[in-house]
Amino acid sequence: MSASPHPGIDGLSTRAVDIAYGRDVVVRAASISLTAGTVTALIGPNGSGKSTLLRALARLHRPVSGEIGFADGTDLRALSTTDLARRITLLSQHRTTPDGLSVQELVEFGRHPHRSRLRGQDPGGAAAVRRAMAATGLTALAEWPVRALSGGQAQRAWLASCLAQDTALLLLDEPTTFLDLRYQVEILDLVRDLADEHGVGVGVVLHDLDQAGAVADRVLLLEQGRVTAEGTPDEVLTADNLSRAYDIHVDVRTDPVDGRIRTRALGRFNARTPA
Ligand code: ADP
């Protein structure tokens, strides 16, 4: 782990946070932390509250109770929109692409909190945009309209826009959705590099439990709005935890070659014995 390149923003924590839609409380008593240089994976069944929690961390959804604050003591609600966007960015699952926007323009949009108010100057902007496009394999597609991209290319373009924003904290909601095998691996490698080499604190929702085990330092398991397990991948990705949370028998093994956790849900299709 390296020191944060954004001094004073070494983490973000929630304390006893409840989050609701109308009267429905969907996240209860969540006390979690994201730390500089650390990848924290959020896992759990559909509807367990992972996206809602990420949205609250990005101040897109206001909790009904509890507190969210940075490690330097700043309350999440105290920052201006621009100051917040300099500290934290979210790759959301839901987004609309304005017509006519090119890949490069979408990535440049990520620089908005860094432009000076008077003349829109951003000395580091061009280099940050170039780096973000190269890291996501988009340099050759810079002039393409975003609307013409495949699902996976568009996912990478939105991720590049987040990277160009150059924040201390990066929230990713299912970043590997739509991506083919190569880009799933490359994006998760990139996430690891951001934490290890740039001290970024990453919170990432992942459905693939093996990927969560491989990329994360810490794993949070959510069930019906509650964090029911928290710790290292070995501590959280156990057969008991996963079988209970997903309501299906999950087999967990350690790969003898790379020492990684391998999970397998045992449905009828993969319990069959060969004829
Ligand atoms: P996850 O990311 O774990 O799949 P979500 O955070 O999306 O879970 O959803 C948690 C709960 O909140 C679910 O019961 C879901 O139906 C509900 N929910 C999510 N978004 C909304 C919304 N916009 N309005 C009302 N309920 C919602």
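Order of listing sets the numbers, starting from 1, for every ligand and every atom in it.
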Could you list which atoms of ligand 1 come closer than 4.0 Å to a heavy atom of [X]?
X: Asn46; answer: 4 (O)
X: Thr52; answer: 5 (P), 6 (O), 9 (O), 10 (C)
X: Pro45; answer: 3 (O)
X: Ser48; answer: 1 (P), 3 (O), 8 (O)
X: Val26; answer: 11 (C), 12 (O)

Handout entry: Single-linkage hydrophobic cluster, 4.5 Å side-chain cutoff, Ile19 and Leu221 together
Key =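 No, no single cluster joins them.
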Handout entry: Common cluster, Leu242/Leu222, ILVMFWY with side-chain heavy-atom separation under 4.5 Å
Key =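 Looking at the clustering, Leu222 is in a separate group from Leu242.
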Exercise for the section: Give the residue, atom name and distance (to 0.1 Å) of the protein heavy atom nearest atom 19 (C) of ligand 1. Expected result: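 Result for atom 19 (C) of ligand 1: Tyr21 CE1, 3.4 Å.
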Handout entry: Protein heavy-atom partner closest to atom 3 (O) of ligand 1 - residue, atom, separation in Å
Key =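 Looking only at protein heavy atoms, the one closest to atom 3 (O) of ligand 1 is Lys50 NZ, 2.8 Å.
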Exercise for the section: Can you confirm whether something in the protein, heavy atoms only, sits under 4.0 Å from atom 15 (C) of ligand 1? Expected result: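 Not a single protein heavy atom is under 4.0 Å away.
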Practice task
Say whether, by atom type as modelled, one donor and one acceptor occur between the side chain of Thr14 and the main chain of Ala30 under 3.5 angstrom.
Solution key: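 Yes; judged by distance alone, with no hydrogens or angles, the pair exists.
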Practice task
Looking only at distances, please establish whether an N/O atom of ligand 1 is found under 3.5 Å from an N/O atom of Gly47.
Solution key: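 Between Gly47 and ligand 1 (N or O atoms, distance only) the closest approach is under 3.5 Å.
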Exercise for the section: Return a yes/no value for Ser51: is any of its N or O atoms, backbone included, closer than 3.5 angstrom to an N or O of ligand 1? Expected result: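 Yes, there is a polar N/O contact under 3.5 Å.
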Problem - Gap separating the CZ atom of Arg218 from the CD atom of Glu235, nearest 0.5 angstrom - result: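 So the gap between those two atoms works out to 7.0 Å.
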Exercise for the section: Working to the nearest 0.5 Å, report the span between CD1 of Ile187 and CZ of Arg182. Expected result: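 These two atoms lie 10.0 Å from each other.
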Problem - Candidate with minimal heavy-atom separation from atom 8 (O) of ligand 1, of Gly44, Gly49, Gly22 - result: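 Closest candidate by heavy-atom distance is Gly49.
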Exercise for the section: Give a yes or no on this: more than 12 heavy atoms of other residues, nucleotides or ligands lie within 6.0 Å of atom CZ of Arg253. Expected result: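 No, not enclosed.
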Exercise for the section: Report the residue from Thr177, Asn46, Thr176 that forms a side chain to side chain contact (heavy atoms under 4.5 Å, CB included) with His207. Expected result: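 One option only clears the test, and that one is Asn46.
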Handout entry: Pair Arg86 + Asp83, salt bridge at N-O below 4.0 Å
Key =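 Result for this pair is yes, salt bridge flagged.
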